[in-house]
Amino acid sequence: MLFQKKVDRVIDPDRAEEEFEERMEGVELDKKDPLAMILAGLIVFVPALLFVIAAFALVIWFFFGRYV
């Protein structure tokens with residue numbers, strides 16, 4: 001099958017989590033890694049959140065604000 005590893009991860013998440021923990025045992029985080037992860041999350045989620053808010057605002061304007 002083309003995506004057999006991905007299918008196995010979905011079917012057996014406990015085993016996939018154990019394999020991930022084994023791979024990450026020797027990895028140590030730097031002092032600045034948490035800041036980098038937070039900034040990366042903001043870069044990803046803030047534009048998506050703004051898009052969703054704009055879509056809701058457009059729908060609300062379309063139904064309630066056009067005739068004011």
Side-chain angles (χ1 to χ4, degrees):
M1 185 179 276
L2 189 61
F3 298 108
Q4 187 61 42
K5 288 183 183 180
K6 292 183 181 187
V7 170
D8 290 340
R9 276 191 304 204
V10 171
I11 292 174
D12 192 8
D14 294 330
R15 192 185 83 207
E17 187 174 337
E18 289 173 6
E19 289 175 2
F20 176 74
E21 288 176 2
E22 288 173 6
R23 281 185 285 158
M24 297 303 289
E25 274 181 14
V27 176
E28 302 247 346
L29 293 178
D30 263 351
K31 182 171 77 172
K32 296 183 180 179
D33 283 345
L35 177 63
M37 288 188 271
I38 290 169
L39 290 175
L42 288 174
I43 289 171
V44 169
F45 291 116
V46 167
L49 185 62
L50 289 175
F51 177 75
V52 169
I53 290 171
F56 277 117
L58 184 64
V59 168
I60 290 169
W61 174 79
F62 181 72
F63 284 114
F64 300 111
R66 286 191 309 163
Y67 303 111
V68 174

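Just so we're clear, the structure is a prediction, and the values are computed from it rather than from any experiment.
- Both I60 and F63 are part of a single hydrophobic cluster, where members link through side-chain heavy atoms under 4.5 Å apart.
- Residues D33 and D30 meet the side-chain proximity criterion, which asks for heavy atoms closer than 4.5 Å.
- Salt-bridge annotation for R15 and E19: present, with a side-chain N of the basic residue lying under 4.0 Å from a carboxylate O of the acidic one.
- With hydrophobic clusters built from ILVMFWY side chains whose heavy atoms lie under 4.5 angstrom apart, F56 does not share a cluster with L50.
- Screening E22, M24, E18 for a side chain to side chain contact (heavy atoms under 4.5 Å, CB included) involving F20 leaves a single residue, M24.
- A single hydrophobic cluster is not seen to contain both V44 and L49; linkage of ILVMFWY side chains at heavy-atom distances under 4.5 Å, directly or through other members, places them apart.
- Both V46 and I38 belong to a single network of hydrophobic side chains, linked directly or stepwise wherever heavy atoms of I, L, V, M, F, W or Y lie under 4.5 Å apart.
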